[in-house]
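Whatever order the structure lists ligands and atoms in, that order sets their numbers, starting from 1.
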Amino acid sequence: LSTAERYSSGTGMNEQKALPDWDALSFRLTETEVVYRAVGESDQKPVWDDGEYGPWGSFPASPAAGVLSYGLGVFEGLKAERTPDGRILLFRPDANAARFARSARIMTMEPFPEKRFVEVCLEIVRRNERFIPPVGKGQLYVRPVEFASEPMLGLRRARSFTVVVYASPVGAYFKGADSGVRLQVLDEARVAPGGTGHAKAASNYPAGIAKREAWQAKGFDDVLFLDARGEGFVTETSGSNVFALFPGDRLVTPPLDDQILPGITRECVIRLAREEFGWTVEEKPLAIADVQAEAVEMFCSGTAWTVRSVGEIEHRGKSTSFSQTAGCQRLCQRLREIQTGTGKDPYGWITEV
Ligand SMILES: Cc1ncc(COP(=O)(O)O)c(C=O)c1O
């Protein structure tokens, strides 16, 4: 089957989909019009077919597809948005392209060509342009996914893969919570030590979903996982990196290891804090005890979260509040300036669509 034939009927290309209510956007899926799909075969040269843009719709999968039994799937998330002067900017697609390929390799899957990744993301934004929210209302979130589509029974690396890239308009990840999010700190780990926790792999998210939901029911916004080796070090929330600010403008974030996703927003925060604000930034193990005893401020970073203040953390019944948000606000403002094209971008982080 060609890529086109693999699409099921879906919505016809001529039929225009309804736009969402821009004022009610949250971080939820709104189906858009055009999806990209490519197929890769490890034992062919070139590995990847040209791929194709088609209508949003379902496509058939083998009941034995590797992703379904063995979780052989990786994904990315990046945002495009409108600028006040009428441009459309995509934030750091090259960095997401590199991480997409790296995640695939960690998961024994074929890496998707990075240059093609960037081109496809730009094209998906263009072809779904109607769905980019007006200035100030949100962003178009682009979600590239790769999974093993080969039917397989035993445990081994797969040889056939599918890449899909789609987009959805999104609003803020947290509504309300302006004074900062409340995090429950968990001794249970998000991912296993020595495993694939440093990949953006589908299989790394179930623990986050389960724990976050359980604690949301008790009034928390999210959970903060301690390290899987039981050493009391902070790792990540269900979907963001974390930072703690100590007196003397000393910013600490956990170092990249087998339990930390190399967040692209994390890297931006580190550069801005170091190069523009002159803060001391340390990537080193961050003990929860030190955070509770000495940190003046805490915040999280991620594509969905942006940079978000933490108002309160609770660990084993001990609660700590952070009333200061100035450092986070300053970082967030500078990052948003770059993302919205309203401030200078000396780093080459934005790509005009
Ligand atoms: C587990 C996890 N950590 C950190 C991040 C932050 O990464 P980024 O800043 O690249 O979005 C994400 C979100 O992508 C994530 O899912």
Determine, using heavy atoms of Trp305 and all atoms of ligand 1, whether some pair is separated by less than 4.0 Å. no

Establish, for the pair Arg271 and Tyr347, whether the NZ or CZ atom is under 6.0 angstrom from the six-membered ring centre and no further than 45 degrees off its axis. no

Non-hydrogen atoms of Glu76 versus ligand 1: any pair closer than 4.0 Å? no

Take the angle between the ring planes of Phe174 and Trp305 and call it parallel below 30°, perpendicular above 60°, tilted in between. perpendicular

Is it the case that ligand 1 has an N or O less than 3.5 angstrom from some N or O of Thr237? no

Measure the distances from the heavy atoms of Ser240 to every atom of ligand 1 and state whether one is below 4.0 angstrom. yes

Ignoring hydrogens and angles, state whether a donor on the side chain of Asp187 or His315 is under 3.5 Å from an acceptor on the partner side chain. yes

Among all protein heavy atoms, pick the one closest to atom 9 (O) of ligand 1 and tell me residue, atom and distance. Thr265 OG1, 2.5 Å

Examine Ser301 against ligand 1 and note whether any of their N/O atoms are separated by less than 3.5 Å. no

Please confirm whether Thr303 comes within less than 3.5 Å of ligand 1 when only nitrogen or oxygen atoms on both sides are compared. yes

Show me which atoms of ligand 1 lie under 4.0 Å from any heavy atom of Tyr205. 1 (C), 2 (C), 15 (C), 16 (O)

Glu33/Lys17 ion pair, N-O < 4.0 Å: no

Kindly assign one of parallel, tilted or perpendicular to the pair Phe117 and Phe100, based on the angle between their ring planes and the thresholds 30° and 60°. tilted

Look at atom NZ of Lys211 and say whether more than 12 heavy atoms of other residues, nucleotides or ligands are closer to it than 6.0 Å. no

Flag the pair Glu314 and Lys218 as a salt bridge only when some basic side-chain nitrogen lies within less than 4.0 angstrom of an acidic carboxylate oxygen. no

Do any nitrogen or oxygen atoms of Arg99 lie less than 3.5 angstrom from nitrogen or oxygen atoms of ligand 1? yes

Atoms of ligand 1 close to Gly302 [distance to a heavy atom under 4.0 angstrom, numbered from 1]: 6 (C), 9 (O), 11 (O)

Which option wins on minimum heavy-atom distance to atom 14 (O) of ligand 1: His198, Lys200, Lys79? Lys200

So which of Gly263, Cys268, Gly239, Gly208 gets nearest to atom 12 (C) of ligand 1, if we judge by its closest heavy atom? Gly239

Side chains of Asp249 and Thr280 in contact at under 4.5 Å (non-hydrogen atoms): no

Ligand 1 contacted by Glu267 (non-hydrogen, < 4.0 Å): no

Going by distance alone, is a donor N or O of one side chain under 3.5 Å from an acceptor N or O of the other, for Ser301 and Thr265? no

In the protein, which heavy atom is nearest to atom 1 (C) of ligand 1, and how far is it? Glu236 OE1, 3.2 Å

Parallel, tilted or perpendicular: which describes the rings of Phe147 and Phe59, with under 30° parallel and over 60° perpendicular? parallel

Would you check the N or O atoms of Ile264, main chain and side chain alike, for any that come under 3.5 Å of an N or O of ligand 1? yes

Region of Asn241 engaging ligand 1 - heavy atom pairs below 4.0 Å: both

Run the numbers for me: atoms of ligand 1, each under 4.0 Å from some heavy atom of Arg190, listed by number. 1 (C)

So, Gln339 and Arg336: side-chain donor and acceptor under 3.5 Å apart, yes or no? yes

